[in-house]
Amino acid sequence: MAIIIDQSKRVLVQGITGREGRARTTLMREYGTNVVAGCTPGKGGGKVEGVPVLDTVAEAIQAVGHVDISVVFVPGRRVETAAVEAIEAGVKLLVLVPDRVPVWDTMRIAAAAREHGAAFVGPNTLGVLSPGRAVVGMIGGRAVSAQQWFNEPIPRQTVGVVSRSGGMTSSLGYYLSRAGVGLSTLVHVGGDSVVGLPIPDVAEMFQHDPETDAIVLFGEIGGTQEERLAELIRTGRITKPVIAYIGGAAATEGTRFSHAGAIIEHGRGTHAAKVQALRDAGAAVVDDFGLLPQTTLDILANRSAPAARSSSAR
Amino acid sequence: MARLHEYQSKALLAQHGVAVPEGGPASSAAEAAQLAARLGGPVVIKAQAWVTNRAATGGVQFAQNPRQAEARASEILQMRFGNFAVTEVLVERMLDIHNELFVSVTIDDAAQAPVVLLDLHGGSGIEGRAESVQRLPVDTRRGVDAQALRTVLGTSAIDAGLHDDVASAIEAVVDIARRYDARSLEINPLAITNDGNVVAADCRMTIDDYAVFRHPQLPIEIARELDHPATQLERIAYQVEQADHRGTFYFAQLPTGGVEGSRGLIGFHGAGGGGSMMSMDAIARLGFTPANFCDTSGNPSAAKVYRAARIILAQRGLVGYFGSGSGVASQEQYHSAYGLAKAFWEMNLSIPAVIRLGGNGEDRAVDILHGVCRDADSISAPVEGYKKDDTPAFIAQRFAQLVDEAAGRVWTPQPRRVPAFVDRAYHFPIHHGTVWIDHEHCDPATTTFVVEHSGGLLTQRSNLPVLAVSEQSVAGMDSELVALEVQCRLARRPVVFVDLPIEGLDNDAVV
C-alpha cells in the first residue's frame, strides 16, 4: 500500500505541451506512473512522449476513459481555470504543481473541490512519490535519480514523509533511505499558506496506511498545520510515532521567508510555538536536521511488537 | 511591499461605498496644518506606519486647531516605529463616536476559506475581546453569510435602525477584500457616530503578493512582506526577479543588530524555501549572523543565480559566503554552479565560500565551481563545493573553520572585474545583457573549442566564432552562454564574456 499515488492510478497531465509538462511527463512515465492522457487548450490531436493530447479534460476522459488524478503544469495565474475545469469534469484528485497562485484563486479551487467531493495537493507542490510505484509531479527530477535516492517499503521499518518544502521532501527521503529506512509515500503539501491537502490530512492518511509505521515531518514557521497535527496526536487520532524538524528557528517576525506560507504574523506560527505544541503532544522534534534519520531508526526499533501496534492504531 | 497605508486603503473603502472620515495624507507639518484649516474644527493626526498599537505609543494625536495640528504632525513625523520611520501622517476630521465595532476579513488556512471576525461589543483592546469575537464564514463567490450576519446583529446592543447600514458596510468590506485579493483587511474600529453614521475610523490592508499583478493601480512598489521598508538592494533584487520569471529568486535583508556578539555577518544563499530556512538555522546555530535571506530555486537560470550572488556580495562586512539548500535537489545543479563561478570570478572573491550543490548533476556542479575558483590567477579565497552526502551541520562546521583561518578578513564590495576586450570586441545582444567574444585571441584551436562548447549557438567563420542563429533565438540562451564563458575560462581560453549588468548596482555607488 501507499497513499495518494501508485501504479494503478490513471493520470492526466494538464499543460502537457509546455516545457515543464513535457519534461515531467517523461519523468513520471519512466518511473512507472500510468499517464493516460494530456491536455492543452488548442493543442489537441498530437502526442507528447507517446501520450495522446486533447483540448480539454472532458474530451480527454471521453477519449481514454476514467482519470484518477490530474497533475497541473500551467502558469500560476491560470491554475484556477485549469483546476476548476478538471474538478467539473469529474476528476477527484488534483496535483497543482505551479507556484505564484493567488490565494483567493486557491480558495475558489477549494470551494469547487468541496462542492464536487474532490481534493487537491498543492499549489506550489513538487508532488507525491511512492517509491518503486509511481510519482505525480516532479520529485526526483529524473527517474533514475528517484530510483537511486528513495528506498521502497521495508517491513516494520517504513515511514511516510510529509513536508512543507519540496526540496526537503527529496532530502528527507534520501537521508532516511541512506540510513536504512523504507518509505511508503513522500508528500510535499506545497509551500503556500492555503493548501488543499495539509499536513494533518496527510498524517491521517498515513495513520490508516497499514504499510506506514511512522510519520516523518518537515514543518515550517507560519500557519497552523503543525499545531493542528499536534492536536490530532493529542486527541489520539494519530497514534503512529511522529518525528519532526521545524525550519525557521532563525526567522524574524513579519518577513516572508520565500514560501508564501512561511511568515509569522501577529506573533502566530512561530518556530517555538510549533515545536512546543508537537512536543507536548508527544512527537519527537529534533533541533538539528541531521539527527532525523537516527532518531527515526531509534523510534522504529523501540516499536518492537508489531501485533500490539496495529491493534492500537485503530 | 504588499501592505497599504491607512490612507491608501481608506481611499479604496470610500471608492466602494464604505464611509471614511473626511481628510487626507500630509508629508510635512505645514501640509498637515493646511489640511486641518480646510477641515475646520478638531482633527486627529495619525502616523502612517505598519505597526499595531500606534495610539499607545503616541502615533495618534488630537488637535483643536491648525497651529496645534502643525505641532503634533511635526512630532509624529520625527517618530520611528520598529524599523519604519514615519514619512506621512493622515489628518482627519475628528469623529463623534457612540460605539466602536471590530471587523476583519482574514484567511482561515484550516477552512481554506476567508472568514470574517466580528466584535459588535466595542472596546479598543484586543485582549478582552477574544470571547466576544464571532467568526462568520465567507463564500469566495457569494460573500459573507447574510443569515449569520443578521443573527449576530440581532443579538447585539446596536440600535435596530442601524442594522441595515452596519450589515451593508460589512458586506462591502468583504467585497473589497475579494476584489483586491486581500490577505487581510481589518477595520478597527468601525465606528457608529452619535448622529447615526457607520464610518471606518481605521483600516489596515495587506494584498496577496502573488495577486499584485492584477492590481497595477494600487500603490505597491514591491510585492514582498518585510519587517522593514524595502532597502535599495531589495529593490534591485526585486527588479531582477520581475525581469526574469525562470525559477524563484527571493532576497530579503535581515536585522543585523546583534552582530557584535556573533562570529560575523555572512552572505547567505539558499536553494528552496524550506532547505534555505533549515540551512540558515544550521549556520545561525554556530553563532553566525545572516546578513540576508536568499533563495534561488525552481530551476533558475545561471544568469539569475549569478545576479543573486552579485547582490549578496554587494553587502558590506561579510566574513564569508554560505550557500546551502535542501541538498538533494531535483533540479540540475550545474546551472547554479556556472552562475556562482562567474560571480565569484568577477567579484574577485576574497572571503571563504562554502556551497552545497547536492542533487541532480552534483558531480559536474562541484567540478565547475572548484575548477574556476582554484585557478591560481582567478580568486584568492577558498571556495569549497559539497554534495548531497555532506550534511548542513558538517558544511556549517567546515565554513566556520575556513572563516577562522581567514583571521578576520572582511568583505568590501567592489566594482566587478570585466575583461579588457569588452567594449571593443565582437558582440551580440541577449535579454538584459551582451555577449562579447575576443576575436583577437581566437587562434584556430580556441575558435574550435568555443564553437564546440556553444551548443550550436556559434559557428566558425574566417576561423573566428560568430553567431550561428538569429539574435532573436539567442536572446534567451543566457544560461548556455554563461556556461560557455565559464568553460572557456576553465580551459584557459578566456575569450568569451557575458555582460549581465544589474540595474542600480553597476552604475551607481555600491550599497
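For A:Ala23, no part sits under 4.5 Å from any heavy atom of chain B, backbone or side chain. If you measure heavy-atom distances from A:Asp99 to chain B, the contacts under 4.5 Å come from the side chain alone. Only the side chain of B:Phe213 comes within less than 4.5 Å of a heavy atom of chain A; its backbone N, CA, C and O stay farther away. Heavy atoms of B:Ala252 lying under 4.5 Å from chain A belong exclusively to its side chain. Proximity to chain B (any heavy atom under 4.5 Å) is shown, for A:Arg108, by both the backbone and the side chain. Residue contact with chain B, scored on non-hydrogen atoms closer than 4.5 Å, is absent for A:Val144. Both the backbone and the side chain of B:Ala110 come within contact range of chain A, each with at least one heavy atom under 4.5 Å from a heavy atom of that chain. Both the backbone and the side chain of B:Arg178 come within contact range of chain A, with heavy atoms under 4.5 Å apart.
When A:Leu27, A:Ile246, A:Asp201, A:Asp287 are compared by the number of non-hydrogen pairs under 4.5 Å with chain B, A:Asp287 comes out ahead. Contact count against chain A (heavy-atom pairs under 4.5 Å) is highest for B:Val328 among B:Asp108, B:Val328, B:Leu254. No other option in B:Asp295, B:Asp208, B:Asn360, B:Thr140 has as many heavy-atom pairs under 4.5 Å with chain A as B:Asn360. In terms of heavy-atom pairs under 4.5 angstrom with chain A, the leader among B:Gly298, B:Pro114, B:Ser276, B:Ala111 is B:Pro114. Among B:Asp389, B:Thr391, B:Asp181, the residue making the largest number of heavy-atom pairs under 4.5 Å with chain A is B:Asp389. Annotation: maximal heavy-atom pairing with chain A below 4.5 Å, among B:Met278, B:Arg183, B:Met280, B:Arg141, occurs at B:Met278. With respect to chain B, the highest number of heavy-atom pairs below 4.5 Å among A:Gly196, A:Gly290, A:Ala113, A:Gly223 belongs to A:Gly196. Interface remark: of the candidates A:Gly247, A:Gly140, A:Ala111, A:Gly140 forms the most heavy-atom pairs closer than 4.5 Å to chain B. Of the listed residues (A:Ser145, A:Gly248, A:Ala251, A:Pro198), the one with the most heavy-atom contacts under 4.5 Å to chain B is A:Gly248.
Proximity of A:Phe289 to B:Ser279: side-chain heavy atoms (C-beta onward) are nowhere separated by under 4.5 Å. Annotation: side chain of B:Glu332 is in contact with side chain of A:Arg142 (closest heavy-atom distance under 4.5 Å).
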Item to check | Residue pair B:Asp109, A:Ser193: steps toward the side chain to side chain donor-acceptor pair (under 3.5 Å) verdict | outcome: CA-CA 6 Å; B:Asp109 67 329; A:Ser193 51; over 6 Å; no
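A side-chain contact (heavy atoms from CB on, under 4.5 Å) with B:Met277 holds for exactly one of A:Met168, A:His271, A:Glu220; it is A:Glu220.
Between atom CZ of residue A:Arg114 and atom CD of residue B:Gln112 there is a gap of 6.0 Å, rounded to the nearest 0.5 Å. Atom CD1 of B:Ile107 and atom CE of A:Met107 lie 4.0 Å apart (nearest 0.5 Å). Note that OG of B:Ser330 is 7.0 Å distant from CD1 of A:Ile139, once rounded to the nearest 0.5 Å. If you take OG on A:Ser170 and NZ on B:Lys388, they are separated by 11.5 Å, rounding to the nearest 0.5 Å. To the nearest 0.5 Å, atoms OH (A:Tyr175) and OG (B:Ser326) are separated by 8.0 Å.
The nearest pair of heavy atoms linking A:Tyr245 to B:Asp281 is OH-OD2, 3.5 Å.
Within 6.0 Å of CZ on B:Arg398 lie more than 12 heavy atoms contributed by other residues, nucleotides or ligands.
Side-chain N/O atoms of B:Tyr210 and A:Asn124 include no donor and acceptor closer than 3.5 Å.
The pair B:Asp209-A:Arg100 fails the salt-bridge criterion, with no side-chain N (NZ, NE, NH1 or NH2) lying under 4.0 Å from an Asp/Glu carboxylate O.
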